[in-house]
Number of protein chains: 2
Amino acid sequence: MKLSKKSDYALRAMIYLSLNYQKGAVQIKEISAKERIPQKFLENILLTLRKVGILNSKMGLKGGYELARSPDLITLGDVIRALDGSIAPVNCVSQMSYKPCTEEVTCVIRGVMMDVRNAITDVLDTMTFADMCKRVKESLEKNENAILTYSI
Amino acid sequence: MKLSKKSDYALRAMIYLSLNYQKGAVQIKEISAKERIPQKFLENILLTLRKVGILNSKMGLKGGYELARSPDLITLGDVIRALDGSIAPVNCVSQMSYKPCTEEVTCVIRGVMMDVRNAITDVLDTMTFADMCKRVKESLEKNENAILTYSI
DNA sequence: TACAATCTCTACCAATCTGGTAGAGATTTA
DNA sequence: TAAATCTCTACCAGATTGGTAGAGATTGTA
């Protein structure tokens, strides 16, 4: 039941890009430096997010990445699914990578795991990056001399 | 966010033992055969559950395993924690293996992950093996000619 | 007592996943 | 044309997962 480093980095990069929404493309190098994420690793992550349509990219000099749509239309669930594949604790309750188990009808573990999955997605699929930005700003107001950070 | 095979097997074995609560010790071999779990692997799992006090064992001929307390006093969370270690998606929100992150106060990802963790434990720490037994029996009544099974 | 059945313990192993790196290529701006 | 940037494929070391092997300790029963 663990969030991968990949998803962790992805969430941080997405918050960074959300805070810079509509301010033009942001370069990998900048995100990598500010968030202290290995650059080459981050390249892969952003590429994945682009391929699933969460990010747009621009190649060449002055290129970079930006959100493909408004931060309030992207949820944490979207990002974690893109990187980690599935959110469900077992495949037989997964939307993304559903695979029936042998005796689905009578499987009582499945029932509980379905509840767990729903509980998780209730949180992750309603929380948008607009919400995250709001939280970052609130957090900064309360802790005036705090460094801007939202890493794990 | 995946339930390990170890925890899966453990849950199944625990349901089996719960259905046989107060009927004397049950042997590894029997559970292994009925639930189709590799015997040597199951040995390790049951040993772990004994070490954390969930199971009692009896060595020697006619030995075996049985629940150390009533099924309504053991939750799925107890078992999964014993096998997989932690339920929390990140260590900085874990009860079991808590490890602070760099900037805890202002970390907004932490906040969401805390919500996820609570959502998961709400399900797993309230569901007992007595509940699971009840579900197994209900399920069998509804599907009269179903085979008794609760594997994933 | 002997012995078979059973749990206990340590060690080991192959396959996969995780986190990360390398480097050549394509594209764009100045 | 050159520098900056994204794109793509390949690779790699270490950890984790799922599982096996085998010797040892303990107990019931003939």
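Protein chains get the first letters and strands the later ones, always in sequence-line order, with residue 1 at the start of each. Every value quoted in this text rests on a predicted model; they were computed, and no experiment measured them.
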Using a cut-off of strictly less than 4.0 Å, decide whether B:R50 has a side-chain nitrogen or oxygen near OP1 or OP2 of C:dC9. yes
Atom-to-atom span, CE of A:M1 to C1' of C:dC17 - whole angstrom: 18 Å
Under 4.0 Å from OP1 or OP2 of C:dG19: is there any side-chain N or O of A:K6 that close? no
Do the side chain of B:S32 and the main chain of B:P38 share a donor and acceptor less than 3.5 angstrom apart? no
Please check this pair: side chain of B:D131 against backbone of B:T128, looking for a donor-acceptor N/O pair closer than 3.5 Å. yes
For the side chain of A:R12 and the backbone of A:E35, is there at least one donor-acceptor N/O pair under 3.5 Å apart? yes
Between atom CG in A:L83 and atom C1' in C:dT18, what is the gap in whole Å? 13 Å
Check this for me, if you would: do B:K2 and A:D84 make a salt bridge, where the nitrogen-to-carboxylate-oxygen distance has to be below 4.0 angstrom? no
Base of D:dG22, side chain of B:K40 - is there a donor-acceptor contact under 3.5 Å? yes
Tell me whether the side-chain N/O atoms of A:Y65 come closer than 4.0 Å to OP1 or OP2 in D:dT5. no
Rounded distance (Å) that lies between atom P of D:dA25 and atom CG of B:L47: 16 Å
Tell me if a side-chain donor or acceptor on A:S70 pairs with a main-chain N or O of A:L73 at a distance below 3.5 Å. no
I want to check one thing: is the phosphate of C:dG19, taken as OP1 and OP2, less than 4.0 Å away from some side-chain N or O of A:Y9? no
Nearest whole Å is fine: how far is C:dA4 C1' from B:Q27 CD? 13 Å
Any side-chain N or O of A:K62 below 4.0 angstrom from OP1/OP2 of D:dT5? no
Given DNA chain C, 5'-ward residue of the pair A:S4 and B:I28, judged by closest heavy atom: B:I28
Within a 6.0 Å radius of atom CD on A:Q95, are there more than 12 heavy atoms belonging to other residues, nucleotides or ligands? no
A:I45 CD1 to C:dT18 P, in whole Å, measures 13 Å
Contact nearer the 5' end of DNA chain C, comparing A:Q39 with B:E43: B:E43
Separation of D:dT5 P from A:E66 CD (nearest whole Å): 15 Å
Expressed in angstrom and rounded to an integer, what is the separation of A:F41 atom CZ from D:dG14 atom C1'? 14 Å
Carefully, step by step, assess B:N20 and B:E66 under the rule side chain to side chain contact (heavy atoms under 4.5 Å, CB included). CA-CA 8 Å; B:N20 286 280; B:E66 58 191 351; over 6 Å; no
Please state how far atom CG in B:L46 lies from atom P in C:dT6, giving the value in whole angstrom units. 14 Å
Kindly state which residues belonging to residues 51-61 of chain B come within less than 4.0 angstrom of DNA chain C, counting heavy atoms of the residue only, listed by number. B:K51, B:S57, B:K58, B:M59, B:G60, B:L61
